[in-house]
Amino acid sequence: MTVKELPQEPLEIGLTGGIGSGKSTVSAGLKDRGAVVIDADVIVRELQEPGKPVFEKMVKRWGEKILSAEGGLNRQAVADIVFKDTDELLALNEIVHPLVREEIARLRDQYASGTAPIILDIPLLVESGYEDLDGIIVVDLMSEEAVRRLVAYRGFSEEDANNRISNQVIREERIEKADFVIDNNADLVSLGEEIDRAWNWIEGLST
Ligand code: ATP
């Protein structure tokens, strides 16, 4: 009698890092190499579209001052409120996190029948206590360089970039939780090599 092989679930790897550290670049690179990606930022944006549950709850709390002329969310207005006041940031997190978690859980179930490694790209992974993953990759970047890139490539003011970074867990705390660290302090060519290294590590986990 042959023993039926148990179906193997795909690996689930968390990907995190500070704002502007290079998470999106890394998750795109891992996707190119064969992973599927669950992107928490994309989920948040979808749930913040007019009429969606997160949008409705945010407008209920902060009123029309967080709306753009077209009736969508004015992200800068929200940032101006929450990144200067930790109580407001807490309130935003209480609105956003439960619904995002729900959607992440739904997508994990959906991808569980496949074989491709699942990358969970979640900026606040360390803070949110995802403990049932097969590993955590942290993209590491010095704060000064993160501020420089956010200002140079993403149109942030220096003050805004600094405020956002100071609201995050400190770099060392994040690295402590990492099973694999991607160093993104050098150029994009070096980052490509780091992504190759990470992909080899992921492939090694499944053997
Ligand atoms: P966010 O926290 O805002 O979601 P992120 O962590 O996803 O950001 P990316 O969007 O991947 O970060 O990178 C931030 C910016 O820095 C992008 O414009 C990206 O092209 C650029 N960038 C990423 N890595 C490097 C690098 N090694 N050298 C130069 N620019 C880089």
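Counting starts at 1 for both ligands and their atoms, following the listed order.
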request  = Quick one: look up the protein heavy atom nearest atom 19 (C) of ligand 1 and list residue, atom name and how far away it is.
outcome  = Thr25 OG1, 4.0 Å

request  = Determine, using heavy atoms of Ala28 and all atoms of ligand 1, whether some pair is separated by less than 4.0 Å.
outcome  = no

request  = Kindly indicate, with the supporting measurements, whether the criterion side chain to side chain donor-acceptor pair (under 3.5 Å) is fulfilled by Asp121 and Ser27.
outcome  = CA-CA 7 Å; Asp121 179 351; Ser27 68; 3.3 Å; yes

task = Nearest heavy atom to atom 7 (O) of ligand 1 wins, so pick from Gly29, Ser24, Ser190.
result = Ser24

query = Any idea which atoms of ligand 1 are less than 4.0 Å away from a heavy-atom of Asp41?
reply = 4 (O)

query = Looking at Phe156, is Arg149 sitting on its ring face, NZ or CZ under 6.0 Å from the six-membered ring centre and within 45 degrees of the normal?
reply = no

query = Has ligand 1 got any nitrogen or oxygen that is less than 3.5 angstrom from a nitrogen or oxygen of Ile19?
reply = no

message = Would you say that Arg108 contacts Ile38 through its side chain, given a criterion of any heavy-atom pair below 4.5 Å between the two side chains?
response = yes

task = Provide, to 0.1 Å, the distance between atom 10 (O) of ligand 1 and the closest protein heavy atom, together with that atom's residue and name.
result = Arg154 NH1, 3.2 Å

ask   = So do the side chains of Leu15 and Ile122 get within less than 4.5 Å of each other, counting heavy atoms only?
value = no

inquiry  = With a heavy-atom distance limit of 4.0 Å, tell me whether Pro123 approaches ligand 1 through its side chain, its backbone, both, or neither.
reply    = neither

request  = Would you check whether Gly20 has a nitrogen or oxygen atom less than 3.5 angstrom from a nitrogen or oxygen atom of ligand 1?
outcome  = yes

key: Taking atom 12 (O) of ligand 1 as the reference point, the nearest protein heavy atom with its distance   = Gly22 N, 3.0 Å

task = Could you grab the distance from atom CE of Met58 to atom CD1 of Ile66, nearest 0.5 Å is fine?
result = 4.5 Å

ask   = Is the shortest distance from a Lys or Arg side-chain nitrogen in Asp39 or Lys23 to a carboxylate oxygen in the other one below 4.0 Å?
value = no

task = Find all atoms of ligand 1 within a distance of less than 4.0 Å from any non-hydrogen atom belonging to Asp187, and give their numbers and elements.
result = 27 (N)

ask   = Which protein heavy atom lies closest to atom 21 (C) of ligand 1, and at what distance to 0.1 Å?
value = Tyr153 CD1, 3.9 Å

task = Starting from atom 29 (C) of ligand 1, find the nearest protein heavy-atom neighbour and note its residue, name and distance.
result = Arg149 NE, 3.8 Å

request  = Output the list of atoms in ligand 1 that are nearer than 4.0 Å to some heavy atom of Lys23, sorted by atom number.
outcome  = 1 (P), 2 (O), 5 (P), 6 (O), 7 (O), 11 (O), 12 (O)

query = Taking 4.0 angstrom as the limit, do Asp80 and Lys65 come out as a salt bridge?
reply = no

task = Run the contact test for Gly17 against ligand 1 with a 4.0 Å cut-off on heavy atoms, strictly below, and give the result.
result = no

request  = Answer yes or no: does atom CD of Glu159 have more than 12 heavy-atom neighbours from other residues, nucleotides or ligands under 6.0 Å?
outcome  = no

query = Between Ala186 and ligand 1, is there a nitrogen or oxygen pair with a distance under 3.5 Å?
reply = yes

Lys52 bridged to Glu46 by N-O distance under 4.0 Å = no

key: Inter-residue atom distance Ile136.CD1 - Ile13.CD1, 0.5 Å rounding   = 9.5 Å

task = Would you mind checking which non-hydrogen protein atom is closest to atom 24 (N) of ligand 1, with the distance to 0.1 Å?
result = Asn184 ND2, 3.0 Å

